[in-house]
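Working notes, beginning with the structure itself.
Whatever order the structure lists them in is the order used to number ligands and atoms, beginning at 1.
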Amino acid sequence: MTNRILVTRSSLPLKEEYIAEIADIWDSHWLTNMGVKHQKLQQALQQYFGVEQVELFTNGHMALELSLQALNLQGEVITTPFTFASTTHAIVRNGLIPVFCDINPVDYTMDTEKLEALITDRTCAIMPVHVYGHVCNVEKIEQIAKKYGLKVIYDAAHTFGVTYKGKSTAAFGDVSCFSFHATKVFHTIEGGAACFKDSELGRRLYQLKNFGIRDSEHVDGVGANAKMNEFCAAMGLCNLRHLDMEMAKRKAVVEQYRKLLSGVDGLQLSPIQQDVVPNYAYFPVLFEARDFGATRNEVFEALAKAGISARKYFYPLTNTFDCFHNAYDVEETPVALHVSKNILTLPLYADLPLEDVKQICDIVLSCRK
Ligand SMILES: *Cc1c(COP(=O)(O)O)cnc(C)c1O
């Protein structure tokens, strides 16, 4: 059966707008390798984020992976398992050892009360995730990182457009990495960015995304190929113009969900965080089966039967992936384990009709026994 309502649907600019944006690529024949569109998007994002340095990549994963490489890290990186595969893989693919910190049960970001106990003399960095667009406890993380001399690399893939105390999440940590994948609030089809302050780090990142090449006769690093091409950058330039509308439409969907699902026993909605301007990226709902009267999986199945795809996001936890062959003890992150077994993200995208939201909520609530 094909699903009638998908969990997400990529926003697109008008076809004519995109065609106009890419027209001059035919004049220049410059398709990739940091061309005009790449530079324009880079500058536009520096301005939008209010940060000094932005480096663009083929995707968010390469931003994370190459940021870790550029920082020359060795040893253990403290992170959380309640995230997309990318976060943990970026650590492991750098030959670093992930150490999993539990999440807090309120906003599902790293539980900073449990962070310090995990620091050893092998710890080199902290890699927290602003999961669902919820901002981590950035102040506490900064304080701990300073105390122990650790680098902080934020997985900010979910927080495009989010600010905390008036500052973009791009401004926190040594590096803050975004994903511009088609499913994200802002996209370049595939794409990503690393945001940071240190211009020396910028030089290394610029080289690492282009094979480590310094100039035509010198190669300084064992780099990758992770350059954003001109067509993707052009999509970003278009989508950036419509970002406010994108977020406003998402906001209306989220408000409808909140209206229909607030105050239901056993059903936990995302907190409204203080000092945070949200981007309405996701609508996660945690089901406490005993109080709600149905399990997450039962709700998932009921929605699927009606042609509605919700997503068990994030399940399974990354520290239980088959590829890690039981290397990590999932019992050490009990809150993350509980949340991953009981959470469901409901369909959310800019053009999701409010009647569909009503229908989704009716089905969710009808699962109660
Ligand atoms: C999307 C995402 C990534 C990876 O981004 P890509 O652009 O798909 O490579 C990393 N971390 C999180 C939390 C994500 O949601």
Side-chain angles (χ1 to χ4, degrees), residues 7-11 41 45 54-69 77-94 96 98 100-101 103 107-110 125-136 152-162 169-170 172-173 175-195 205 208-209 224-229 231-233 235-236 239 250 270 278-284 311-319 321 336 339-340 343-345 348-349:
V7 69
T8 183
R9 185 165 176 267
S10 301
S11 292
L41 183 63
L45 290 176
V54 173
E55 205 53 65
L56 302 178
F57 293 90
T58 42
N59 54 58
H61 178 78
M62 289 313 289
L64 285 170
E65 194 173 310
L66 295 179
S67 291
L68 289 173
Q69 188 181 347
V77 178
I78 301 176
T79 185
T80 85
F82 189 67
T83 182
F84 187 53
S86 175
T87 322
T88 306
H89 286 0
I91 295 169
V92 176
R93 286 170 60 82
N94 270 287
L96 298 161
F100 294 99
C101 183
I103 58 173
D107 62 27
Y108 320 126
T109 63
M110 184 176 276
I126 309 170
M127 195 155 173
V129 184
H130 298 301
V131 67
Y132 303 129
H134 302 163
V135 178
C136 296
V152 179
I153 304 96
Y154 278 106
D155 183 335
H158 291 179
T159 48
F160 196 95
V162 175
T169 54
F172 299 103
V175 191
S176 182
C177 295
F178 290 82
S179 164
F180 305 152
H181 184 256
T183 54
K184 303 297 206 279
V185 169
F186 166 80
H187 78 86
T188 60
I189 310 172
E190 291 262 10
C195 305
L205 277 173
L208 286 176
K209 75 175 180 185
N225 179 4
K227 310 180 294 287
M228 180 183 285
N229 71 57
F231 290 84
C232 288
M235 179 61 84
N239 284 338
R250 285 173 169 272
S270 282
N279 65 352
Y280 310 99
Y282 299 92
F283 197 79
R311 193 167 166 203
K312 298 175 190 178
Y313 196 61
F314 294 98
Y315 174 86
L317 294 177
T318 68
N319 56 358
F321 283 176
V339 172
S340 82
I343 206 153
L344 198 61
T345 57
L348 172 54
Y349 46 87

Original post:
Should the ring pair Tyr132 and Tyr108 be called parallel, tilted or perpendicular, given that the plane angle runs from 0 to 90° and is split at 30 and 60?
Top reply: perpendicular
Subject >> 4.0 Å heavy-atom contact, Cys177 with ligand 1 >> reply: no
Subject >> Per-atom contacts of ligand 1 with Lys184, taking only distances under 4.0 Å to non-hydrogen atoms >> reply: 1 (C), 2 (C), 14 (C), 15 (O)
**OP:** Output the list of atoms in ligand 1 that are nearer than 4.0 Å to some heavy atom of Thr83, sorted by atom number.
**Re:** 13 (C)
Original post:
Would you say the side-chain atoms of Ser340 pair up with the backbone N or O of Pro316, donor to acceptor, closer than 3.5 Å?
Top reply: no
Original post:
Side chain of Thr80, backbone of Ile103: donor and acceptor closer than 3.5 Å?
Top reply: no
Original post:
Which of parallel (below 30°), tilted (30 to 60°) and perpendicular (above 60°) describes Tyr154 and Phe172?
Top reply: perpendicular
**OP:** Identify, by atom number and element, the atoms of ligand 1 in contact range of Tyr313, meaning under 4.0 Å from any of its heavy atoms.
**Re:** 15 (O)
Subject >> Protein residue, atom and distance nearest to atom 3 (C) of ligand 1, heavy-atom basis >> reply: Phe84 CD2, 3.7 Å
Original post:
Are any of the N/O atoms in Gly60 less than 3.5 Å from those in ligand 1?
Top reply: yes
Original post:
At the 4.0 Å heavy-atom cut-off, does Tyr132 count as touching ligand 1?
Top reply: no
**OP:** If you have a sec, work out which protein heavy atom is nearest atom 4 (C) of ligand 1 and how many Å separate them, to one decimal?
**Re:** Ser86 OG, 3.7 Å
Subject >> Short N or O distance, His61 and ligand 1, threshold 3.5 Å exclusive >> reply: yes
**OP:** Would you indicate which of Thr183, Thr159, Asp155 comes nearest to atom 13 (C) of ligand 1 when only heavy atoms are counted?
**Re:** Asp155
**OP:** Please name the pair of heavy atoms, one in Asp107 and one in Val131, separated by the smallest distance, quoted to 0.1 Å.
**Re:** O-CG1, 3.8 Å
**OP:** May I ask you to check whether over 12 heavy atoms, not counting those of Tyr315, lie within 6.0 Å of atom OH?
**Re:** no
**OP:** Give me the one residue out of Arg93, His61, His181 that meets side-chain hydrogen bond (donor to acceptor under 3.5 Å, both in side chains) with Ser86.
**Re:** His61
Original post:
Can you find a heavy atom in the side chain of Phe186 that is under 4.5 Å from one in the side chain of Asn279?
Top reply: no
Original post:
Should you measure from each heavy atom of Gly191, which atoms of ligand 1 turn up under 4.0 Å away?
Top reply: 7 (O)
Subject >> Residue and atom name of the nearest protein heavy atom (relative to atom 15 (O) of ligand 1), distance in Å to one decimal >> reply: His158 NE2, 2.7 Å
